[in-house]
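Notes to accompany the following structure.
Just so we're on the same page: letters track the sequence lines, and every chain starts at 1. From a predicted model like this one, the values you see are computed outputs, not experimental measurements.
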Amino acid sequence: MPEQEATAQHGTPAQEIADFLHRRREQIAQRWADAALFRTVFTVSRDEAVEAGRAVVEALAAVAATHRIEDPEADGFIVVRDQLARTAAARSRAGFTANQISLEVDALRAPAEELLLADLSGRPAEQVRDRVTALTVLMGTLRLVVLETSLTAGQEIVERQRIQLLEAATPVIQLWKGVVAVPLIGTLDSARSQVVMETLLDTVVEQRARFAILDITGVPTVDSLVAQHLLKTVAAARLMGAECIISGIRPAIAQTIVHLGIDLSSVMTRASLSDALAYALRELGTDIVAHVPGGAESR
Amino acid sequence: MTAPFPAPYGGHVPVLRLGGVLLVTFQGDLHDSQAEQLQQDVSEAAADNRVSGVVLDLSGVELVDSFLGRVIGDIAAKTRLLAAETVVCGMRPAVAITLVELGLTLPGLRTALSTEDAMRLLGQGSVSPRPGRTRQESP
Amino acid sequence: MQTAGGVSARLPIHSDLDLVWVRQHVRQAAAQLGFGLVAQTKLVTAASELARNTLVHGGGGEMECAPVSRAGVPGLRLTFSDEGPGIPDLDRALSDGYTSGDGLGMGLGGARRLVHEFRIDSSPGTGTTVTVTSWSAKPPLPREEA
C-alpha cells in the first residue's frame, strides 16, 4: 500500500504536522503576530504577540505529537488554555462576539497552511492533502478550545454585570433615624430578591434601623418564589430585632398571593410607602402632626 | 491564624447581672456541651436571683445551628416559667438569613437590634403603653 | 487567612469538639474559594447539622472536604460518612420535625435547604453517607433554589 510506505518514510500526518509546527514555530509565530487576534490583544509590543503565538504553536505541536488533533481536551492545550482565555476575554471585552472571535482564530490557519504547503512541495498530492487536512482539523480544534474559553469568559462578564446591576437597582435609603426603605421597581426574580434581602438587612445593622420598609409599588408581578423571599426577609429582620413592613401591595399582587396560598397574616403590610413610614414613626414615638398655629408640640 | 488549624476558640459565655437583668454574651464557636452547660447556668441564675429579664447577646456569634437554636429557645421557655422575659439581640444578618432558611424562625421570641435596645425593651416594655413610649430621642 | 490549612481535608467526627473543627475548616475553606458571607454561613451551618448527625446518629465518622469546579465556578463538596445503624426511612428523616435525638428535628431537612446539591445514601446496617455541594456563585446548572 502506498500510504503505508509514505507513513514509513515520513510518519503519520499528525506526527508530521507536529514536526512541521515545531520546526517552523518561529515563522508561524511571526506571521500570527500580525493576525488580528494577536495584534489587537497584545498591543504593548509585537514581541509579546510573537511570544503568545509561539506558545500556541508549541501547544499545537504537542497536541499533534500525541495524535489527538481532534480532541479539545488534549493535554497539550492545558498550557495555553489560560492564555487563550485571556485573549478571548480581551476580545469579548472589546465587544466581539464568540463567533467573531472564532473567525479570528480561523484566520490563523491560512498563514500556517502556506508554510506547510511550501514544505510539502514535491510530495505526492495525496500526502499533501492528508497533511493539510490534519492541520485543518487541528486548527479547527483550536477554534473549539478558544470558543469554549470565550463562552466561559463571556458568562463571567455577564454574571458580573448582572450582579452590579442588581446592586445598583437596590438602593436602600434612610427615611428617618431608625427607618430604612427599599423602593423596588421592576420584575423581582429569585436572585434579585436575594440581593434585596441581604442589602436591606445589612443596612438595618449599619443604620441601627428598627424599621425596614420593602415597598413593592413598582413591582408588576410576584411569583411564589419571590413571595417566599419577601416572607424570609421579614422573618430574618425580626430575628435581628427589626420590624419589616411591606408596602404597596397592588390588588393584582394581593390576588396572586392569595391564589398561591401564601399567608401574609403575620406580616405587617401597609397600602403605601407613606403609610408604612407613618406607622414606623408612630412606633418610634415620633408623631407627625399638621402644623397648627400655637400648637407645635411634637418632636 | 498561623497554624494550619487554629485551636478552636473555646466559646466563652460570660453571664453578667445588671440590676434585674441577666446579660449573657455569646462569643465564638460554642461546643454543644458548653451550650448545654450555659442553658443550665442561666436557668439557675434566673431562679436564684429573681431576675425579671434575660438578654442573650448574639452579636459575637457567626453561626446558629438547630442545636444552638434549641438552646436559645429552651432558655427563653425556662425563664418564662420563672416569670422573666428573654430578649435575643444583635443577631447578624447572615445568621438570621440562615436560620430562616433552616426553618427556625423562633416564633414568640423577643428580639432587639442591640443590648441597649434589649435593656430598654425589658425596662420599659412592660411599664409604659406602646404608643409614644419613647419620646427621649432628644432634640 | 489565605493558605491556612488549604481546602481539601479529611476530618474525624468523634466528639463535639470535632464539630467545632469541622465548622472552622468549612468556614475557612469556603472563604478561600470566594464564598460570600451569607453563602459561607449557610454552608457552615449545614456542615454543623450534618456533622452532628454523623456524631449523634452514626456513632461518629468523618467529613471529607474537597474543592470542585463547574464551568469555572468554584464550589465546595462535603462528604459525611459513618458506619452507624443507617436510616431506615429516608423520606421521613428528611421531613421537618422528624427527630430521633436532640434538636428541633431540622437536621437533615434543614441542611438540605442550605446547600445547592444534596445526596444521601443510607440503608440499615451499612451506615450513612451524605454528600453536599455548594457553589460560590449562582449554581452553574440551573436547579430549583431553596
ask   = Tell me, side chain or backbone of A:Ala209 under 4.5 Å from chain B's heavy atoms, or both, or neither?
value = backbone
ask   = Which bit of B:Ser114 is near chain A, if near means a heavy-atom gap under 4.5 Å: side chain, backbone, both or neither?
value = side chain
key: Reported CG-to-CG distance for the pair A:Leu239 and B:Leu104, which is rounded to 0.5 angstrom   = 9.0 Å
ask   = So do the side chains of A:Arg238 and B:Arg110 get within less than 4.5 Å of each other, counting heavy atoms only?
value = no
request  = Taking the side chain as every heavy atom from C-beta outward, state whether A:Val205 and B:Pro93 have any atom pair closer than 4.5 Å.
outcome  = yes
message = Would you say that more than 12 heavy atoms from the other residues, nucleotides or ligands in this model lie under 6.0 Å from the CZ of A:Arg250, or not?
response = yes
query = Would A:Lys232 and B:Ile97 satisfy side-chain contact (heavy atoms from CB on, under 4.5 Å), going step by step from the backbone distance to the final call?
reply = CA-CA 7 Å; A:Lys232 283 177 190 169; B:Ile97 292 171; over 6 Å; no
inquiry  = Show the nearest heavy-atom pair for residues B:Thr111 and A:Gly241, with the distance to one decimal.
reply    = OG1-CA, 3.3 Å
request  = Provide the closest heavy-atom pair for A:Ala236 versus B:Ala96 in the form atom of the first, atom of the second, distance.
outcome  = O-CB, 3.5 Å
